[in-house]
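One structure below.
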Amino acid sequence: MGTLLTVLYIFLGIGVFFNCLGSVGLLRFPDVYTRLHAATKATTFGSIFTSLAVIVYGFSRWNVTGDSKFRVLALHTIVALICLIITNPTGAHAIARAAHRSGVMPRQAVIDELKEAKLK
Amino acid sequence: MKEMSRIVKTVTNFVYGFIIIFGFYIIAHGHLTPGGGFQGGAVVGSAFALLLVSYGSLNSQKFLKKDILSLFEGFGLILFIVLGFSGLGITFFYNFLANSGGWFGNAAVIGVNPGNMNTGGVIPLMNIAVGLEVLSAFGVIVLTMASAAEFTKKKEKS
Amino acid sequence: MSGFFNIFIIPGGLLLIFMLLSLFRLILGPTVPDRIVALDTINTLVVAGMILVGAAYEEVIYIDVAIVYALLSYIGTLYVAKYLEGGSKK
Amino acid sequence: MSSFVEIIHISTLIMIIIASFLAVVFKKLLPSVIALTVASLLLSLEFYILHAPDVAIAEAGIGAGLTMAIFIFAIRGTR
Amino acid sequence: MIDFIVTFLLSMLTYLILTASQGEVWGIWSIFEIITGIFLSLVVAFIAKKVLFQKRTYRMLNPLRWVIFLIYLIGPFFWAMTKANIDVAYRVITGKINPGIVKISPGLKTGLGITLLADSITLTPGTLSVDIDEKNNDLYVHWINVTTLKPTTHHICSNFPQWIRRIAE
Amino acid sequence: MIGNLPYVAVVIFIGLGIYTLMFKKNLIKIAIGVVLIENGVNLFLITLGYRKGAIAPIYTQAPSGQAMVLPTPQALTLTSIVIGIATTALILSVAMMIYKHYGTLDTDEVRRLKG
Amino acid sequence: MKKIIFGIAFLIFFSFLIVSAINMRTFGEPAYSEMDDYFIENAQSETGANNVVTSVVFDYRGFDTLGEATVLFTAVVGVIALFRGVKK
């Protein structure tokens, strides 16, 4: 039981820390693209770790008690995690592309090759 | 409506079948887990909306036929009414299959249990009928409003 | 409620506070893409919070709601992105 | 530990009220619809916490996908 | 015909993962459940086969590619993701950014390959895929810390194109 | 500590919806107000059936030996949600047709054009 | 002028709603309901379904569902009939 608690504390701590960074970065950064960096990467990584905590919890309780409901808990959490990983970066790509096409340009940009390619 | 970029289309090809099998799982397990005809129908209708948004309303005509969907809608409603009339020997909407031992007829275990698919009487069949109706109704609404939006916008430009 | 209730419900509450922070971006955001980014962040946080709350109550069947939410929130994002793309064309 | 659950209830309700207030206040239609979707999705979370998973699935499916789709079609058709 | 069978097997696998509980078959599934799953998967295969196999390419049916994909996912990809998040944490706390949009040409041809590369780029250090050139598959990448104005592919995504060429082409 | 806050939230929902119906002129804004009133009514029904410390009314793999929340308001809410989306679709379709005929969405303008 | 009268009426209505909301029953302790307890007790043995909400929707209160399905069908027919002329 002691190792299980330690693993749960570590995973939940990492997950909550990165989720916090994601929402703070959403408030701090200056324009859409850098906000997307913070939002997509940090929240996806944090959600992976909080879900991993639930998966570890389910499998270890199933090992101890032999009750089938903890196995179902772990399997369904794996499915939810896969959905999250597939759909999240694609949504970020769609938002970035739509923002650039609707005329929101990156602020403090050093170089913008996409704009030059559009002008040609 | 034009189509979206290639990345979105490739992801849509994988997610589309997954959403549909998940919606059918929700419909078929309506008497065991949270879900049922309304919820599963809404999920599958959202899958049609996803296909429409990523392929555009012109290209998605290859995959979705509006006439077939509206046919299935009427079929679902009629199936539901027929199932309601079937218990008319006792009352309207009587659950004539429950605890009879045949298909869907096992008696459920009383109390907290993991659940058995083969119970519930006429409830799973009604779930399927209502799910068929709701999914085709939402598909028809989304397809009709997409083509109508194209039309009214074009009228405004000219 | 077992001894694991507190371990899972307290991170769930913390995720709710981060959601409140993201809601400020929805209020402030000068352009429409900023607001969609806030919507996307709230979706991801809600899915993670739902999984944690379901594990805290030991209700296995609640995880289905999280799967539906993760799959369908993506569609709303795509619709607004599509509308913005078409907006600049004409 | 039921007081912690009550804190979760209270903060979810406050977020829903803020989001629906934004949906009324915004002048342009598109940010208003986005705020309405946020309110609808957080309402689904509130149903989940109130132990009604059936209603939560229905609200998530309809509020996330279909309401957004129908409103976007209407805005697009009346531009 | 082969597309129908493959879609059927994939949806059946998903259904079996979702319904794993107690029963007669290996102690996991019950027989009635499996009959229902076969029926529903037939319907799904009939609906979704046209969407899943549009180009009629069956390259991904080789199981060796799936093994390489799993190794890629657990090894270099997860390591790069960890580095990316520490980088994002540094930038959120200090606020130092130097952004720009650059163009790379990775030389991938299939749609699946370019999708995998774009998603990997979005989740790894300091980069976000913005737009794609549909003709010759060039990616426009938003880079949060521009160090050179003429970057090569190695600067943006270290050796991901080699891995993806082994997986998807 | 929580008191009657959910009921107050329901009242604020319905008040916002009625405010939108009374004072806004745009037809799509009016549709948004109707959706807000629907949300408030749904939340009211679910809140009526909530019982503190209870679990959802489903026997599949639940923790045993606890009370359950009331099932009938949940069933009524389920019906209400689907009817709500149907009426919203109908309202928006009528708004699109009004725009096609009159070229505007403002209600005062439409009344004046009709004469 | 019209706006002021409407505003006063709205404020009166809203204050009545607030007062009634504060005087409701306490949140979390519903009134004793014999029907719901009967459903929770007997749904498993009578209909054979584990999910009490589904058995209420489709068995005990099937007429509500029939009306709901009819309303949905009518709404779809209305949408199709409204856009029939503008198809092409």
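The chains referred to below are lettered A, B, ... by the order of the sequence lines, with proteins before strands, and numbering in each begins at 1.
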Looking at B/Phe72, I want to see if its CZ is surrounded by more than 12 non-hydrogen atoms of other residues, nucleotides or ligands under 6.0 Å. no

Only heavy atoms, only distances under 4.5 angstrom. Which residues in residues 12-27 of chain B are near chain A? B/Val15, B/Phe18, B/Tyr25

Under 4.5 Å from any heavy atom of chain A, what part of B/Val8 do you find: side chain, backbone, both or neither? both

Under 4.5 Å to a heavy atom of chain B? For A/Val72 that would be neither

